[in-house]
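Report on the structure given below.
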Number of protein chains: 2
Amino acid sequence: MNQIDQLKAVFTECGISAALEVVGERWSFLILRGAFNGLHHFEEFQSTLGIARNILSNRLTRLVEHGILRRDPDPDDRRKVAYRLTEKGRDLLPVLLSLRQWGERWVSGLPSNPVLVDRLGRRPIMVTVHAEDGRPLSLGDMEWVDRADLGKDAAA
Amino acid sequence: MNQIDQLKAVFTECGISAALEVVGERWSFLILRGAFNGLHHFEEFQSTLGIARNILSNRLTRLVEHGILRRDPDPDDRRKVAYRLTEKGRDLLPVLLSLRQWGERWVSGLPSNPVLVDRLGRRPIMVTVHAEDGRPLSLGDMEWVDRADLGKDAAA
DNA sequence: GCAAAGGGTTGCGTTATGAAACTCAGTGGG
DNA sequence: CCCACTGAGTTTCATAACGCAACCCTTTGC
């Protein structure tokens, strides 16, 4: 098995590397953040993010190819194209939110604006790591287990 | 201030871009994944990830500079250096896990190995987005609110 | 018909990434 | 003490990704 095959194996066997292959390039996350914030059009992304037009074009195309965004031409104005999150894209919300939570806590220091709130309680939503029964967990409460031993352990 | 200008302001100070400055480069997440999986040494990262040595060197240095990893020379063998997650680094777990969850579901299709389980229940842990009271939320249950309006709304 | 808007491309220079070879202190065995 | 080997990097040079500015082509509004 050569170097390339090894790399390829790494890329396909782990969910993290699989995900990064699709959304790991520079700007991808920021474009998605924009999409979650209600941006739809090329010019909106370009002017709010300040990204180079060729790169933006490239990323949007890639995100569409990977089924994360949909490209909807506007029937009323045929110059316009709306990029919208698919379900696959919307399902990246936990990634974006946890990244934001971390960035606010450890890098920028200050909570950013606007805040995503629960429509009912009108309190900020949160991302947590927890057990199936809902108990919140920290790293010390977890351990790595070979998948093959999972059922076995649970049964034991 | 129109919507776009608002977003533009938001974006420069957003936790997501802050986070990406630090961990957004290629390989950073994979190195962190390795660290969470118990890798500590340069050679371990290099051989398991297949990353170029110069890049690995560069990333490790950056992650140390940003306080995500600690660089501990081994007192018993002065050739060895152990890279360990700091609290700031460990706090990236939700990001890594949600990324992995997404990658497994939407890209690789299959669950990867090993699995992080709850030490007590010995069941896989999970990452979710939810309200303060624990209710799981989907995008439709949330809305963006200006932080200044938060208390106001809650009081109203 | 003409200017402007929207969504891109093209060309070209700069940075980032990658492969392979090289360094160099430290260690372990004979 | 000598030599092979290990661990953790550096250096060199080629290639890919990124960024800027300018350009292009439809579609619209007037």
Side-chain angles (χ1 to χ4, degrees), chain A residues 1-11 17 20-32 34-35 38-66 69-84, chain B residues 2-5 7 11-12 17 20-32 34-35 38-66 69-84:
Chain A
M1 201 181 205
N2 65 30
Q3 196 75 351
I4 299 297
D5 287 339
Q6 235 175 46
L7 244 178
K8 200 177 284 182
V10 167
F11 266 107
S17 22
L20 289 174
E21 234 188 320
V22 181
V23 292
E25 291 156 307
R26 205 172 290 190
W27 291 108
S28 295
F29 279 119
L30 295 176
I31 289 169
L32 289 170
L39 301 186
H40 299 295
H41 302 288
F42 190 96
E43 292 296 335
E44 290 175 338
F45 287 108
Q46 204 283 317
S47 65
T48 60
L49 299 183
I51 180 175
R53 306 175 70 82
N54 52 347
I55 307 296
L56 175 58
S57 173
N58 181 299
R59 290 298 177 281
L60 288 173
T61 303
R62 258 182 84 77
L63 289 172
V64 168
E65 281 171 356
H66 284 295
L69 295 178
R70 208 163 6 99
R71 186 182 189 281
D72 293 341
D74 183 339
D76 296 332
D77 182 340
R78 288 184 12 202
R79 292 171 302 181
K80 292 188 186 173
V81 170
Y83 291 95
R84 297 173 188 292
Chain B
N2 64 33
Q3 241 231 329
I4 299 298
D5 285 342
L7 281 179
F11 283 0
T12 50
S17 32
L20 290 174
E21 297 268 317
V22 181
V23 293
E25 292 157 306
R26 244 215 271 301
W27 291 108
S28 295
F29 279 120
L30 294 177
I31 290 169
L32 289 170
L39 301 185
H40 299 297
H41 302 287
F42 190 96
E43 293 296 334
E44 288 175 338
F45 285 108
Q46 203 283 316
S47 63
T48 62
L49 299 183
I51 180 176
R53 307 176 69 79
N54 51 350
I55 306 298
L56 176 58
S57 174
N58 182 300
R59 291 299 177 279
L60 287 173
T61 302
R62 259 182 83 76
L63 290 171
V64 168
E65 280 170 359
H66 282 102
L69 295 177
R70 207 161 9 98
R71 186 182 187 279
D72 292 341
D74 183 337
D76 296 334
D77 183 341
R78 282 161 42 187
R79 291 170 302 183
K80 292 186 183 171
V81 172
Y83 291 94
R84 296 172 189 294

Between [X] and [Y] (side chain of the first, backbone of the second, donor and acceptor by atom type, cut-off under 3.5 Å), is there such a pair?
X       : Y       : value
A:Arg53 : A:Phe42 : no
B:Gln46 : B:Ala52 : no
B:Ser28 : B:Gly24 : no
B:Arg71 : B:Glu65 : no

Interatomic distance where [atom1] belongs to [X] and [atom2] belongs to [N] [whole Å]:
X       : N      : atom1 : atom2 : value
A:Gln46 : D:dG19 : CD    : P     : 12 Å
A:Ile55 : C:dT15 : CD1   : P     : 15 Å
A:Asp72 : C:dG7  : CG    : P     : 12 Å
B:Leu30 : C:dG18 : CG    : P     : 10 Å
B:Ile51 : C:dA16 : CD1   : C1'   : 12 Å
B:Arg59 : C:dG18 : CZ    : C1'   : 11 Å
B:Asp77 : C:dC24 : CG    : C1'   : 15 Å
B:His40 : D:dA8  : NE2   : C1'   : 17 Å

task = Report yes if a donor N or O on one partner sits less than 3.5 Å from an acceptor N or O on the other, where the partners are the side chain of B:Arg79 and the base of D:dT6; otherwise report no.
result =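 Under the 3.5 Å cut-off, the side chain and the base do form a donor-acceptor pair.
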
request  = Look at the side chain of A:Arg53 and the base of D:dG19, then say whether one donor and one acceptor between them are separated by less than 3.5 Å.
outcome  =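 Looking at the base of D:dG19, it does not pair with any donor or acceptor on the side chain of A:Arg53 (distance under 3.5 Å).
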
request  = Nearest-nucleotide wise, let me know which of B:Glu25 and B:Arg78 is further upstream toward the 5' end of DNA chain C.
outcome  =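 On the 5' side of the pair lies B:Glu25.
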
Has [X] got a side-chain N or O lying under 4.0 Å from the OP1 or OP2 atom of [N]?
X       : N      : result
B:Tyr83 : D:dG9  : yes
B:Arg26 : C:dG18 : yes
A:His41 : C:dG6  : no
A:Arg71 : C:dG8  : yes
B:Trp27 : C:dA16 : no

Ignoring the backbone of [X], work out which of [options] is nearest its side chain.
X       : options                : result
A:Val81 : C:dG8, C:dT17, D:dG19  : C:dG8
B:Asn54 : D:dT11, C:dG7, C:dT17  : D:dT11
A:Glu43 : D:dG19, C:dG7, D:dG9   : C:dG7
B:Ser57 : C:dT17, D:dG19, D:dT10 : D:dT10

key: Distance (rounded to the nearest 0.5 Å) between A:Tyr83 OH and A:Thr61 OG1   =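 Rounded to the nearest 0.5 Å, the OH-OG1 separation comes to 6.0 Å.
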
message = For the NE2 atom of A:His41 and the CZ atom of A:Arg79, what is their distance to the nearest 0.5 Å?
response =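 Nearest 0.5 Å value for the NE2-CZ distance: 11.0 Å.
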
query = With sugar-phosphate meaning primed atoms plus P, OP1 and OP2, does A:Asn58 contact a base, only sugar-phosphate, or nothing at under 4.0 Å between heavy atoms?
reply =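 Contact class for A:Asn58: none.
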
